[in-house]
Each structure stands twice: as C-alpha cells, then as structure tokens.
Amino acid sequence: MSNELVPTKQPTYYEEVERKGYSRRDFLQFVSMMTAFIGLENSAIGQVAKALETKPRVPVIWLHFQECTCCSESFIRSSHPIVADILLDKISLDYTETLMAASGFQAEEAMQNTMKKYKGEYILCVEGSVPMGADGVYCMIGGKTSLQILEEAAEGAKAIIAWGSCASNGCVQAAKPNPTGATPIHKLVKGKPVIKVPGCPPIGEVMAGVIVHLVTFDRIPELDGLGRPKAFYSKRVHDTCYRRPFYDAGLYVESFDDANARKGYCLYKVGCKGPSTYNACGVMKWNNGTSFPIQSGHGCIGCSEENYWDNGRLYDRASSFAGFGIEANADTFGKVALGVTGAALAGHAVMTNIKKKKLIRNLEDEGKQSEHELKS
Amino acid sequence: MKTNYLHVHRLRRVYVWELPVRYYHWLNALAIIALIITGFLIASPLALQSNQEATNRFVMGWVRVIHFIAAYIFFFNFLFRIYWGFVGNKYANWKQFIPTSKKFIKEMWTVFKIDILMLRGKEHISIGHNAMAGFIYFLTFWAFLIQCLTGFGLYASTATWWLPKMFSWVPAVFGGDILTRQVHHWTMWFFILFAVIHVYLVFYHDYVEGRGEMSSMGGGWKFIEEDVFHDEEFHTPNKHDANKHKPKKTSSDES
C-alpha cells in the first residue's frame, strides 16, 4: 500500500515539467531566472538545466509547526508558474499538512515511508517554530509534539531548510515573554546543516532559488555567519533601495502625511529598518516584481532580522530600553544619566570648597607668598 | 586670614606625558567629539528642506564620511596607544590601568575616600594617573573596543577593504544589525558621561593639588613636591618594591 504513495522511481524535474504541459521555452526561461537569482553566471544556465533534466526530484518533507503558512503562500505566488507547479507541488507530495491530499493515518504513513525509503536523501523543510514550553503541548500533530516530529524527521534528512522567520528566529511567537517557549530550528537540531531562509514571509523566488541550488549542486548554498544563503542575504535592503539617494542627500519623510512622503523621500526617520535588514526585497521585489514595502511608502520593518519584534519599534529608529518603560530609549536614559552626573559633579564641586577649604587656602597662600616675593 | 606658618613647597618638574601620549590624547578627543556629533546626526538626522535634486546633495553622505574617517583615526590611534602601553614611560605603561596588585586596589580605595567621598584622611599623590583614574581608563578601553567592534561590524557589509571586512562576524554575535547598532548607540553614552566627569576631575585636581594637572596634557609636565622624591612608593601604583624602605612621612599637601 505504501508504495502507491511513494513512487519507486522518481521522475526528473523536467519530466514533471513536460507532463504538466509546459514548453521547453518555459522551462528554459525558468532555468535562466533561477540561475540569475541564485547568483550564478550565465554559463551556469546549462548546468542548472541539465541538473533539472537528469536528476530525479528530491524527496521533501515539509513540516508546519507554529506558523501562519505565509511562507507557503509566498512560495506559491512566486513569479514563475513552474516554481509553484513543479517545485512546490511535486516536492510537497510526500508530506505537507497544507497541500497534501492525504489525511489522518494515510498522511502519517506517507511521511514514515518517505523517511524510511529515502533515509539520508530527503530534504526537510520546516515552516514555523517549535514550542518547547509545557512539554510541547502547544503544537501537536498526530499525537506527537512538534519536537518529536522534528527530531524524527531530522534524523534521516540530508539538509534542513528553515523557512521563514519562525523557523529561523522564532518570529513574533518568540517575542517576550514567549509564553509557548517558541524555539527556532537551529537550536534544536544538532549535527545537520540548517539553511535559514528568514523573512515573514521570505520571497518566493528566494525559496525556489534555495531548492534549485540544492538540486543542481547537491550541496547547500554558501551561508553567511547567521546561516543564511549569501546569494540573497548578503546585502542590506538599504543598500539596494531605490530611495537611497534621498538618504544620502539628507532628505527624509518626517511623517507619513507630509509633502516629503508624497515626493517619495527616504523613510529612515519614520522607522525604516532597511539599514539593518539583510534581504533581497529591493532587488527581487514581491508579487512578480511589482513592489516591495518601501516602494509602497512604508518603511521596512526588518521582518527577516532576528528579534525584530522586540528589538525596536516599527515607526522609530530608537529602541525601547528594557526595564525603563516603553517610551524610554537609549537617549532618554542617557540624558537622565547626564543630568544626574551634572548634579553630582556640581554637588562635588561645592563640597570640595567646603571640605578641602584648608588645602585650597594653603595653596592660595603659598601662591600669594611667591607672588609677593617676586620683584615685578 | 593669614596663616602664621606657611610651608612653601619646592617643586620639581616631571615629564609625565610624553609627546606621543599627548598626541594620542588630543587626537582621541577630537575623533570622539566628531564621532559623537556625527553619530547623533546619523541616528536622528536633521529635518532639512531643499528644492535641489537628491543627486546634487550629499548631506547625510558627508556626515557618514566624517564619521567613518574619524572612526579610522580613532581605531588606529587606539592601536597605537596599546603599543605605547608597552614602550612608553612608566606613566603610560599598561600596568597603570589594570588592577594587578593589592597596592593598586588600596590606592583606588584611597582615591575613592579622599577625592570622591571627601572623607578626612591623608592626601595622596599620584603623579601619573591615580589608580582610580587608571582603572576607569581601563574601562574606557573596553568601551573603545566595543565601539570599534560594533562600528566596523556594521560597516563591514558595505566595505571593500579587508580590514573592516574582518569585523563582519560581529553582527552575527548580536543576531543582526539591529541590536549591534543599538549597542553602538548605548556605548556612545558612556563616552559622553566619561568626558563630562573626566573634564570636571581635571579641573578638580588642578584646583586642589596645584601641580599643573590641566597643562600637563599640553606640555607634558607636572610639578611635584621635592619631598615625594624621597619616597619611591608614590611613583607608580603597581611598582613592586621588594626592599621598600620605610616610607617617610610626607607632608606634601597638609602642613
């Protein structure tokens, strides 16, 4: 029975493309686009095409824990239909709560089968964080806690992709006080490479690019210090922003309803986190390259950065200072400290003149004495 | 009121701050002032209006350029000072900054009692840094280090030179640029508070000791009572003098 769910011979990606009725031209368009996205040169197009033509599709298990499914949504809305049709539909056949046809025991069995059959070969995609609080009861599927499912699935995985900010950093459910103990994947899985693809959600093309890279080269893409693929996360939104000239010119939107906002000035002063956010939004944009938050007049909220929900306010550059009220930031704290210091020093100066009166007078007398003794 | 007995001190000129130390000090001061001003402007830019095209303006650009240039000066100056802590005179030596002996701690306590709490007690003489000041400078060096790490860490992703690129691991420690930037901003306040207290205390020491504290960072000289030269103990807080002769009673300040 299980063999019906997991075909013995995996078709290649290209076979799937053909079966779905796409033309060779569509396929090559897709390949060129992906090659560009993952940061390869033109000459690699052939390599990518060949890989997709010859390699059987990689079995994938896609798990959903504490999340909102925005990552999946983003993926199926990526600009090229082949992304959704082939990469997502086909890879997710094995197991994904959102899109699979099977349910109940059938679905669980499919997952078990894939894990057994393709041990050490399948890619584990995780969307969502794992609740560690209260023994993990906050997110249970099929009678197992998220952690149990993750550990089980991670054991035989070749590589693990942490989709989105939930799986990469914990996202909003990990915000203080983090009642469910939401924990990102890399803190729970040991000894396996974890590719973080943060963002809330990540850009669909970025997600597709990571998978194409894995398929083509059979190894994980080059990662930065935080475990993110360098091809997409090595530049700040700020450095690729089309409003950057206004930043350098010192022209800023002061409030969302002013003339500067209409002129499209830089959103830095209304809290844009572009200068501290590493993502490809400014280059790839969203929804078939239509727009991205800054282009629609709203600052970047830094959704692909760790702790963006606790690290700062959405419409302010300054951050709140823990323990000193919501409105207190580093500068308020600094000004108070400066005032206290000033008062303390003034007090000290007064006390010096009282307590060290004798000492100061001796110095003065000594000086005056010398002055008298000198002939002018 | 005229005192009946007046002890007129004989002062000796001591070359305390060598020229490189003085250069370091003022270069550091200028760099820090430039960094704080431009830093504030980067954190919250002025609301400027202009009819010019953005391409013809580079206001924020220049503010940042100044910040980066000052940062490089600050950084290399800092490295130089560390080097000078090994080759400079005894008042510039690294041992002046790190509490490594009981004597150092004891002097810190004395300074705290006499200069800060202004309790009654024998006045002490510190020719270079007093132990408390030395220790505070040690803390500022840590602040320097934090600023260099976080600053170059933030700068690394847009840098082309290998030196700032070497700091690209720093934001990863803080989980990203957002927190790194905030640490950079918070630490700046340490510099401001330090500067205020530092300038005040220089005035204070000059006022109550009369040894040329203020001008010492200009010419390098301090003027020390001759009596002190008979008591080696005062020369440096960390000096381990095995065969310490019995310290003579110094009647330097209080007669």
Side-chain angles (χ1 to χ4, degrees), chain A residues 169 224-227 234-236 239 245-252 254 260 265-266 268-269 273 275-278 302 305-308 311-312 317-319 321 329-331 333-334 337-338 341-342 344-345 348-349 351-352 354-356 358-367 369-370 373, chain B residues 1-3 6-9 40 43-50 52-64 116 118-120 123 154 157-158 168-169 171-182 185-186 188-189 192-193 196-197 200-201 203-204 207-210 253-255:
Chain A
N169 309 316
D224 69 3
L226 287 168
S234 63
K235 286 200 174 69
R236 293 184 293 207
D239 296 327
F246 292 110
Y247 171 84
D248 288 330
L251 298 170
Y252 303 101
E254 300 292 330
N260 295 355
Y265 284 1
C266 174
Y268 185 75
K269 286 178 84 174
K273 300 294 183 298
S276 6
T277 305
Y278 291 79
E305 288 295 310
E306 190 177 321
N307 271 328
Y308 73 91
N311 266 347
R317 292 284 311 155
S319 64
F321 214 89
N329 61 38
D331 290 338
F333 188 73
L338 191 61
T341 308
L345 294 184
H348 190 269
M351 286 309 285
T352 303
I354 296 168
K355 289 272 201 174
K356 307 229 183 238
K358 200 175 150 205
L359 192 69
I360 295 162
R361 193 181 295 152
N362 282 348
L363 279 178
E364 280 178 0
D365 290 345
E366 191 183 324
Q369 180 68 33
S370 307
E373 285 175 24
Chain B
M1 224 175 56
K2 207 92 176 103
T3 40
L6 183 66
H7 181 92
V8 179
H9 293 106
F40 267 122
S44 45
L46 300 173
L48 301 172
Q49 294 294 324
S50 170
Q52 266 184 313
E53 281 289 328
T55 35
N56 298 328
R57 290 165 58 89
F58 199 57
V59 177
M60 185 59 148
W62 282 117
V63 171
R64 292 175 77 239
I116 297 174
M118 282 182 286
L119 300 175
R120 274 177 200 289
E123 291 293 327
L154 289 167
S157 70
T158 45
S168 60
W169 56 274
V173 173
F174 295 102
D177 280 14
I178 304 181
L179 195 57
T180 313
R181 188 193 151 273
Q182 283 168 20
H185 193 91
W186 296 336
M188 181 227 21
W189 275 102
I192 296 175
L193 296 178
V196 170
I197 297 169
Y200 169 79
L201 284 177
F203 275 89
Y204 165 85
Y207 184 52
V208 302
E209 292 168 1
D253 286 295
E254 283 187 329
S255 41

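Convention: sequence-line order gives letters A, B, ...; per-chain numbering from 1.
In this structure, B/Asp177 and A/Lys273 have side chains that are not in contact, with every pair of non-hydrogen atoms separated by 4.5 Å or more.
For B/Tyr207, the parts sitting under 4.5 Å from any heavy atom of chain A are the backbone and the side chain alike. In this structure, the portion of B/Tyr204 lying under 4.5 Å from any heavy atom of chain A is its side chain and not its backbone. Both the backbone and the side chain of A/Tyr247 come within contact range of chain B, with heavy atoms under 4.5 Å apart. Residue contact with chain B, scored on non-hydrogen atoms closer than 4.5 Å, involves the backbone and the side chain of A/Leu345 alike. Interface remark: A/Thr352 contributes backbone and side-chain atoms alike to the contact with chain B (heavy atom separation under 4.5 Å). Contacts of A/Tyr308 with chain B are made by both backbone and side-chain atoms, with heavy-atom separations under 4.5 Å. Both the backbone and the side chain of B/Ala47 come within contact range of chain A, each with at least one heavy atom under 4.5 Å from a heavy atom of that chain. Interface residue A/Ala349: backbone and side-chain heavy atoms are both found under 4.5 Å from chain B. Using a 4.5 Å cut-off between heavy atoms, A/Asn260 touches chain B through its side chain atoms alone.
Note: B/Leu179 leads B/Leu179, B/Leu48, B/Val173 in heavy-atom pairs under 4.5 Å with chain A. When each of A/Gly334, A/Pro275, A/Gly225, A/Gly250 is scored by its heavy-atom pairs under 4.5 Å with chain B, the top score falls to A/Gly334. Contacts with chain B were tallied for A/Lys356, A/Glu364, A/Glu305, A/Glu254; A/Lys356 has the most, counting heavy-atom pairs under 4.5 Å.
In terms of heavy atoms, A/Asp248 sits closest to B/Arg64 at OD1-NH1, 4.2 Å. Considering every non-hydrogen atom in both B/His185 and A/Asp331, the closest pair reads NE2-OD1, 2.7 Å. Nearest heavy-atom pair across B/Ala54 and A/Pro245 is CB-O, 4.0 Å.
In this view, A/Lys355 satisfies the salt bridge (charged side-chain N to carboxylate O under 4.0 Å, His left out) rule with no residue, not counting sequence neighbours. For the side chain to side chain donor-acceptor pair (under 3.5 Å) test, no residue two or more places apart in sequence or in another chain qualifies with A/Tyr265.
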Subject >> Test log, rule side chain to side chain contact (heavy atoms under 4.5 Å, CB included), inputs A/Leu338 and B/Trp189 >> reply: CA-CA 9 Å; A/Leu338 191 61; B/Trp189 275 102; 4.3 Å; yes
**OP:** Go through A/Leu251 and B/Gln52 one step at a time and tell me if the side chain to side chain contact (heavy atoms under 4.5 Å, CB included) criterion holds.
**Re:** CA-CA 10 Å; A/Leu251 298 170; B/Gln52 266 184 313; over 6 Å; no
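Atom CG in A/Asn307 sits 8.5 Å away from atom CD1 in B/Ile178 (nearest 0.5 Å). How far OG of B/Ser157 is from NZ of A/Lys235: 10.0 Å, rounded to the nearest 0.5 Å.
B/Tyr200 and A/His348 share a side-chain donor-acceptor pair at under 3.5 Å.
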